[in-house]
Amino acid sequence: MTAMTFPLPAGTRIQRATQEPAWVRWFLIGLALVFLTLFLFIPLVSVFYEAFKKGVDVYLASITDPDALSAIKLTLTVAAIAVPLNLVFGIAAAWAIAKFEFRGKNLLITLIDLPFSVSPVVSGLIYVLVFGLQGWFGPWLAEHDMKIIFAVPGIVLATVFVTVPFIARELIPLMQAQGTEEEEAAVVLGTSGWQTFYKVTLPNIKWGLLYGAILCNARAMGEFGAVSVVSGHIRGSTNTMPLHVEILYNEYNFAAAFAVASLLALLALVTLVLKTLVELRIKQQDTPRGSE
Amino acid sequence: MSIEVLHLSKHFGTFTALHDVNLQVNSGELLALLGPSGSGKTTLLRVIAGLETADSGQVLFHGEDATDQHVRERQVGFVFQHYALFRNMTIFENVAFGLRVRPKKFRPSHAEIRDRVMALLHLVQLDWLADRYPHQLSGGQRQRIALARALAVEPKVLLLDEPFGALDAKVRKELRSWLRRLHDDMHITSVFVTHDQEEALEVADRVVVMNEGRIEQIGTPDEVYEQPASPFVYEFLGHVNLFHSRLHRGHAWIGDIAVAAPEHAEAEERSAIAYVRPHEIEVERVQTGGAAMAALVVHILSIGPIVRLELVRKNDEDITPIQVEISKERFRELQLTKGDEVFIKPRRLDLFPNQYEEASKSTRL
């Protein structure tokens with residue numbers, strides 16, 4: 001056999017073969033930049049600009065106003081309930097879907113996606129129809145002096161519903177890709193169901209879980225539509241931060257509205273940073289680490 | 001510990017994975033389950049392990065019914081095709097896992113666990129990798145760790161699911177002879193699944209050939225290779241040439257040559273399939289009398305010490321080439337080139353009359 005070698009052209013030549021002309025590239029890049037500036041960067045900057053327009057004092061006064069504080073507190077409370085609930089539900093659902101075969105699996109997957117496909121207003125309305133005074137359980141709840149609609153439980157329910165998909169959706173493909181072999185290996189070695197979960201499954205999904213939780217939290221705090229329907233907008237009582245922003249805005253109290261909105265924007269930025277960090281960790285986990 | 005499998009059946013939807021399978025694995029033996037994909041071999045192994053539940057039938061460990069025993073109570077060691085090492089644990093922790101998860105009462109002390117794990121890592125010759133993570137190891141190293149992990153809990157039986165299937169050819173060869181030596185030292189009852197006939201014949205004490213959820217033959221490597229019980233086994237184990245023939249009064253006719261087949265003397269006229277291994281065909285330059293077929297050399301392929309010839313029979317509509325393997329010396333003697341005419345004669349053939357529920361008989365010429 002004679003070995004034949006074909007001299008390779010320089011690397012740049014190959015690259016050029018798969019590239020568009022310079023003007024096309026710059027046009028597309030420019031278009032993307034203009035779009036991002038107009039629709040993402042300028043609005044974000046304007047939120048902070050408007051918030052501080054009348055000075056730091058007004059800003060601080062706006063976010064320490066009792067109604068604002070109550071809204072912040074309610075938002076944090078709702079997130080503190082909704083995120084752990086969905087953490088449990090998300091893991092359970094993803095575990096069932098990824099590791100087991102059963103009838104109705106596709107139905108379950110569709111149900112998990114439902115909150116994404118339904119308008120948030122409809123999600124809120126569902127709870128009003130079920131638990132409201134004219135709703136199915138309304139009279140019974142009224143008899144027992146329990147308030148769900150236009151109260152905190154309704155807000156929590158609506159938030160939980162809207163944020164159901166985040167963690168489950170994040171975990172299902174991850175767990176499916178990891179398969180069931182490690183769990184099987186663990187069971188053969190004698191672990192109980194619980195041991196298998198926290199020694200094998202949980203460490204393998206922890207970054208995906210955190211990622212889902214961050215997104216779930218961001219949505220739980222920022223949810224407007226569904227919460228708006230069930231909250232009743234009672235100042236200092238059932239107003240979450242997004243609802244509070246709306247009320248202030250409608251009252252032409254722009255400085256205060258933007259001040260509270262800036263907190264939500266800040267939350268979004270923190271979420272993005274955390275999300276990027278977690279993504280970095282997930283990538284590192286997938287590529288070989290150096291020997292320690 | 002012996003394993004007994006009685007009347008196992010298993011369906012996945014409409015697919016029959018196991019069809020009334022009976023099997024006895026003797027204490028201390030190394031048994032291979034051999035078959036093509038979809039033959040049910042992996043399902044059988046997983047049912048024995050308890051990772052899969054059979055629709056009906058029984059699994060006995062040492063004579064005791066283990067059918068309803070949970071996996072974690074069966075005390076089996078299981079080695080997966082893709083290793084299934086715990087990716088978030090070091091190699092040391094992987095091997096120690098089975099001991100660490102034991103209830104406190106049965107858990108060895110820290111020092112004992114360390115000694116045992118290091119001894120096992122030494123046994124698989126990888127003690128220098130204890131602090132690494134699975135992804136830092138090569139496939140062959142990972143599979144040895146998986147084996148050490150399975151052995152750590154001192155299982156009564158060792159089950160291996162295509163243990164070398166994901167490895168490259170060279171590592172696979174090294175590992176299987178290593179596994180054979182390891183088994184000879186430890187004498188733990190072992191069952192391994194493979195689709196590689198060479199692997200099964202080389203490593204196992206006995207081979208179980210499976211096809212479509214049934215066992216076709218059980219025997220030593222020599223038995224299944226030399227005396228295949230069915231056409232399937234014949235075709236699955238190694239290369240084979242297939243001739244259509246007619247049985248007539250103690251002779252098998254292939255084309256216009258007759259081969260004596262005394263065991264079929266009483267058989268009335270019927271068709272049969274004759275199987276001949278490529279290395280059991282003699283090649284001559286000239287017709288030396290007796291039954292020999294004229295053929296043309298269409299292809300010559302030299303593979304190490306042997307030369308594989310592809311021949312086409314003259315005056316025959318059947319154009320499937322006949323595979324013949326001869327030694328390099330014989331090839332030099334014959335001085336063959338493409339297009340030469342040769343005369344071939346099967347040294348040995350096996351006849352399977354068309355209804356092949358009839359027991360096969362081997363014919364020596």
Side-chain angles (χ1 to χ4, degrees), chain A residues 1 91 94-96 98-106 170-171 173-211 278-292, chain B residues 12-13 45-46 48-52 70-91 93-103 106-107 128-138 145-147 149-155 157-159 161 166:
Chain A
M1 275 262 263
I91 292 172
W95 168 280
K99 313 268 176 181
F100 298 94
E101 289 304 321
F102 55 93
R103 242 176 241 244
K105 188 162 155 174
N106 281 327
E170 182 60 35
L171 290 185
L174 180 68
M175 287 170 103
Q176 273 173 338
Q178 290 179 346
T180 53
E181 275 200 342
E182 281 185 50
E183 280 85 1
E184 284 180 345
V187 176
V188 172
L189 289 168
T191 57
S192 64
W194 175 242
Q195 276 179 319
T196 312
F197 175 72
Y198 81 78
K199 279 187 187 288
V200 177
T201 309
L202 198 58
N204 281 349
I205 60 166
K206 61 183 177 210
W207 291 109
L209 194 63
L210 187 58
Y211 187 92
V278 171
E279 272 172 355
L280 218 66
R281 255 334 276 254
I282 292 175
K283 233 188 235 165
Q284 273 176 2
Q285 204 183 23
D286 288 347
T287 51
R289 276 166 279 196
S291 51
E292 30 252 277
Chain B
F12 292 107
L45 192 80
R46 290 173 62 88
I48 294 174
L51 290 169
E52 210 88 63
H70 195 276
V71 200
R72 73 177 75 98
E73 287 150 12
R74 290 199 187 189
Q75 291 185 286
V76 297
F78 202 98
V79 175
F80 295 83
Q81 179 176 2
H82 298 290
Y83 333 121
L85 294 179
F86 305 125
R87 68 194 88 184
N88 280 304
M89 298 177 204
T90 61
I91 296 310
E93 287 303 323
N94 263 280
V95 179
F97 186 84
L99 300 171
R100 286 218 204 281
V101 298
R102 283 191 184 166
F106 306 104
R107 197 185 307 155
W128 49 286
L129 291 174
D131 296 330
R132 302 280 179 91
Y133 281 86
H135 62 77
Q136 297 171 308
L137 272 59
S138 72
I145 295 301
L147 195 62
R149 181 180 67 178
L151 291 173
V153 292
E154 292 172 331
V157 297
L158 188 61
L159 307 171
D161 183 11

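The basis for the numbers below is simple: all heavy atoms, side chains too, and nothing from hydrogens, waters or symmetry mates. Every chain is numbered from 1, with letters handed out A, B, ... down the list of sequences.
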Original post:
Roughly how far, to the nearest 0.5 Å, is CZ of B:Phe86 from OG1 of A:Thr201?
Top reply: 9.5 Å
**OP:** State, with a plain yes or no, whether a side-chain heavy atom of B:Phe78 is found less than 4.5 Å away from one of A:Val187.
**Re:** no
Original post:
Under the side chain to side chain contact (heavy atoms under 4.5 Å, CB included) criterion, do A:Val200 and B:Phe97 qualify, and how do the steps go?
Top reply: CA-CA 10 Å; A:Val200 177; B:Phe97 186 84; 3.9 Å; yes
**OP:** Could you tell me which portion of A:Glu182 (side chain, backbone, both or neither) has an atom closer than 4.5 angstrom to a non-hydrogen atom of chain B?
**Re:** both
Subject >> Among B:Arg102, B:Met89, B:Arg149, B:Arg100, residue most engaged with chain A (heavy-atom pairs, under 4.5 Å) >> reply: B:Arg149
Subject >> For A:Ala185 against B:Ala84, the heavy-atom pair lying closest together >> reply: CB-O, 4.0 Å
**OP:** Return the set of residues passing side-chain contact (heavy atoms from CB on, under 4.5 Å) with B:Leu129 (not counting sequence neighbours), or none when no residue passes.
**Re:** B:Leu126, B:Arg132, B:Leu137, B:Gln141
Original post:
What are the two closest heavy atoms between A:Val188 and B:Leu51, and how far apart are they?
Top reply: CG2-CD2, 4.0 Å
Subject >> Atom group of A:Glu183 that falls short of 4.5 Å from chain B, counting heavy atoms >> reply: neither
**OP:** For chain B, find which of A:Glu184, A:Lys199, A:Gln195 contributes the most heavy-atom pairs closer than 4.5 angstrom.
**Re:** A:Glu184
**OP:** Name all pairs fulfilling the side chain to side chain donor-acceptor pair (under 3.5 Å) condition that reach into residues 72-86 of chain B, sequence neighbours left out, sorted by first residue then second.
**Re:** B:Gln75-B:Lys156
Original post:
Side chain, backbone, both or neither: which part of B:Val153 has a heavy atom under 4.5 Å from chain A?
Top reply: side chain
Original post:
Under a 4.5 Å heavy-atom cut-off, does chain A meet the side chain of B:Leu159, its backbone, both or neither?
Top reply: neither
